[in-house]
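Notes for the one structure printed next.
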Amino acid sequence: MSTLAFLGPEGTFAHAALLGLDAAAGATLQPMATVTSAIDAVRSGAADGALVPLENSVEGAVPATLDELAGGEPLVIAAEAYLPVSFDLLARDGTALADVRTVATHPHAEAQVRRWLQANLPGAQVAMVGSTAGGAQATAAGEFDAAISAPVAAGLFGLTALARDIADNPGAVTRFVLLTRPAAPPARTGNDRTTLVAYLRADHSGALLEILTEFASRAVNLTRIESRPTKGRIGQYCFSIDCEGHICDERVGDAIAALRRVCADVRYLGSYPRRDGVQGPVPGGRTDGDFTDSRAWLDRVRGTGAS
Ligand SMILES: O=C(O)C(=O)C[C@]1(C(=O)O)C=C[C@@H](O)C=C1
């Protein structure tokens, strides 16, 4: 039986996303206080996997996750999950909206309800805590007047909703990833995604264009690219990239092998079934068959001189 860590306690969006994964069936689910401690549990061997947020449709990337993936002991993504997120303002029974002076929540949640807070609780002090459910737990313990959490946290921590569905942008979605220690990827499904980090060569003009060209020339569609500081010196960035396809797809493997030639370093972060949208058809000249044919042709030319 496997142990899967997640950003806890119970009642976080991470917990809900984990419960929706096949891998959670029969596993021991281990709540952790922060993204970093959930990831550390995998690195130390205390857990076999960790489910952590990677990006949100309103607030963007979760830097703690991207940075842990870019540095430290290598990890890979074994699966992804998309979860619609909505927020309630939760408080202990008997608290009125006018009584709320302190509100606890996760920074990504605060960013998604900022305008609501300004309009409805302009004087309240907002405390950033490790997770939305952690804020609800602390509110139940009397540390804060209210928490901004998933609706499910009300029942779990004995709180009441003072306001429901308070997000500034309805329909927000968070993408979570299940991280494991490096392992062979799950089999190709025909609708997969591959994640990697590319470290550019220092002070080299056109380095980003070179990376993009390797993908574009093989018709590999990127679904996310963002820069993160390497934490070495100012101005030095790496690129966190998601692309369509599986490392075992010829065009994807070929593009990543080409990156290895043009980048200072490439960190492969896994190929796994894609859970949003469907990959379009692979254009002619870029299919697995096209790659195998051209390689066989080259071998023949090299061996016999006959084309
Ligand atoms: O605090 C939680 O409930 C989480 O699962 C974390 C998290 C995040 O890091 O983005 C997940 C989804 C919401 O967008 C807000 C917070």
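One-based numbering, in listed order, for ligands and for the atoms of each.
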Side-chain contact, heavy-atom cut-off 4.5 Å: Arg295 with Asp290? no

If you define the side chain from C-beta out and look only at heavy atoms, does anything of Ile148 sit under 4.5 Å from Glu110? no

Could you tell me, atom by atom, which parts of ligand 1 come under 4.0 Å of a heavy atom of [X]?
{"X": "Pro53", "result": "8 (C), 9 (O)"}
{"X": "Asn56", "result": "14 (O)"}
{"X": "Leu7", "result": "4 (C), 6 (C)"}
{"X": "Ala14", "result": "5 (O)"}
{"X": "Thr12", "result": "2 (C), 3 (O), 5 (O)"}

Which residue supplies the protein heavy atom nearest to [atom], what is that atom called, and how far is it?
{"atom": "atom 1 (O) of ligand 1", "answer": "Thr132 N, 2.7 Å"}
{"atom": "atom 16 (C) of ligand 1", "answer": "His106 ND1, 3.7 Å"}
{"atom": "atom 11 (C) of ligand 1", "answer": "Phe176 CZ, 3.9 Å"}
{"atom": "atom 12 (C) of ligand 1", "answer": "Thr174 OG1, 3.4 Å"}

Determine whether the aromatic ring centres of residues Phe13 and Phe87 are separated by less than 6.0 angstrom. yes

How does Ser131 reach ligand 1, by side chain, by backbone, by both or by neither, if only non-hydrogen atoms under 4.0 Å count? both

Under 3.5 Å, is there a donor-acceptor pair between the Asn56 and Gln112 side chains? yes

Hydrogens and angles aside, do Asp192 and Thr189 bring a side-chain donor and acceptor to less than 3.5 Å of each other? yes

Out of His108, Gln112, Arg175, indicate the one that has the non-hydrogen atom closest to atom 14 (O) of ligand 1. Gln112

How long is the gap from SG on Cys243 to CG on Leu196, to the nearest 0.5 Å? 6.0 Å

Does the N or O separation between Phe13 and ligand 1 drop below 3.5 Å for any pair? yes

Would you call Glu80-Arg275 a salt bridge at under 4.0 Å N-O? no

Under-4.0 Å salt bridge between Asp254 and Arg218: yes

